[in-house]
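Here the structure comes first, spelled out in structure tokens, and everything after it is commentary.
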Amino acid sequence: MGSLFESIGNFFTGGEQIPWCDRDVIAGCEREVAEAARGDSEERKNESIMRLSWALVHSRQKEDVQRGIAMLETSLGNDKSPLHQREKLYLLAVGYYRSNDYGRSRQLVEQCLQIAPDWRQALALKKIVEDRIAKDGVIGIGITATALGLIVGGIATALARRN
């Protein structure tokens, strides 16, 4: 019985396994980026920017997520390494998922899987995104069916009153 309630709860809450990031972690990453900009190697700057991007797209704050998406999209074409491209595509997919743009998230995770087809993290995100798309479809069908039932009930009531 407990697993039934858990599965119902997971249906409505998403039951996702994507981690969240707190504001203090983001602030620490921002300090790290500022320090790296004062003369560290280009590699160190890029690493600190990637950590900040990760923190931003995992934030609970929509504006942080949007900032992370913008940073990643800007840097996507700057790096030719397939490993770095894979990471950026994955983080973009997380960001778009957090922004409720599930179609774009699925598209990005598919691109990520073209680079690394067996990457378990991307495969898990793909399942989360597809489950969310399916859940939203079921909820949409339920809302439509309820609205249709109310309309039909209203018409039936109006016709019954006429007779």
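Computation of the quantities below employed the complete heavy-atom set of this structure, encompassing side-chain atoms and omitting hydrogens, waters and symmetry-equivalent molecules. This one's a predicted model, so the numbers in the text were calculated from it and none came from an experiment.
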Say you draw a straight line from CD of E110 to CG of L89; how long is it, rounded to the nearest 0.5 Å? 11.5 Å

Is it true that a side-chain atom of K88 and a backbone atom of S75 form a donor plus acceptor pair closer than 3.5 Å? yes

If you look at every heavy atom in L52 and I26, which pair is closest and at what distance? CD1-O, 3.9 Å

If you count heavy atoms of other groups shown closer than 6.0 angstrom to CD of E63, is the number above 12? yes

What one should report as the nearest heavy-atom pair of W119 and L113 is O-CD2, 4.1 Å

Taken to the nearest 0.5 Å, the spacing of Q121 CD from C112 SG works out to 8.5 Å

Minimum-distance pair of heavy atoms, taken over all atoms of S59 and V65: O-CG2, 3.4 Å

Identify the two heavy atoms, one from S48 and one from A36, that lie closest to each other, and give their separation to 0.1 Å. OG-CB, 3.6 Å

When you check the gap from the basic side-chain N to the acidic O, do R67 and E30 get nearer than 4.0 Å? yes

Taking all atoms of both residues into account, what is the closest heavy-atom pair of P19 and W54, and its distance? CG-CZ2, 4.0 Å

Is any NZ, NE, NH1 or NH2 atom of the basic residue among R60 and D22 found under 4.0 Å from an Asp or Glu carboxylate oxygen of the other? no

Between L92 and R104, is any pair of side-chain heavy atoms under 4.5 Å apart? no

Keeping the roles fixed (side chain from S99, backbone from G95), state whether a donor-acceptor pair exists under 3.5 Å. yes

Applying side-chain contact (heavy atoms from CB on, under 4.5 Å), run through E47 and M50 and close with a yes or a no. CA-CA 5 Å; E47 287 173 1; M50 279 301 290; 5.7 Å; no

Test side-chain contact (heavy atoms from CB on, under 4.5 Å) on H58 and V25 and set out the steps. CA-CA 10 Å; H58 287 85; V25 174; over 6 Å; no

Linked, directly or transitively: V33 and V57 (ILVMFWY side chains, under 4.5 Å): no

Using the rule that Ile, Leu, Val, Met, Phe, Trp and Tyr join whenever any side-chain heavy atoms are under 4.5 Å apart, tell me whether L56 and L125 fall into a single cluster. no

Could D131 and K135 be called an ion pair, given the rule that one side-chain N must be under 4.0 Å from one carboxylate O? no

Once rounded to the nearest 0.5 Å, what's the spacing between atom CG of L76 and atom CD of E87? 12.5 Å

Lys/Arg-Asp/Glu bridge criterion (N-O < 4.0 Å) met for R44, E32: yes

Between CZ of R106 and CG of D101, what distance do you get to the nearest 0.5 Å? 11.0 Å

In one Ile/Leu/Val/Met/Phe/Trp/Tyr side-chain cluster, 4.5 Å: Y102, I18: yes

Where is the tightest heavy-atom contact between S53 and M71, given as atom of each residue plus distance? OG-CE, 3.7 Å

To the nearest 0.5 Å, what is the distance between CD1 (I69) and OG1 (T74)? 11.5 Å

Taking the side chain from K62 and the backbone from R98, do they hold a donor-acceptor pair closer than 3.5 Å? yes

Euclidean distance, D118 CG relative to L123 CG, rounded to 0.5 Å: 7.0 Å

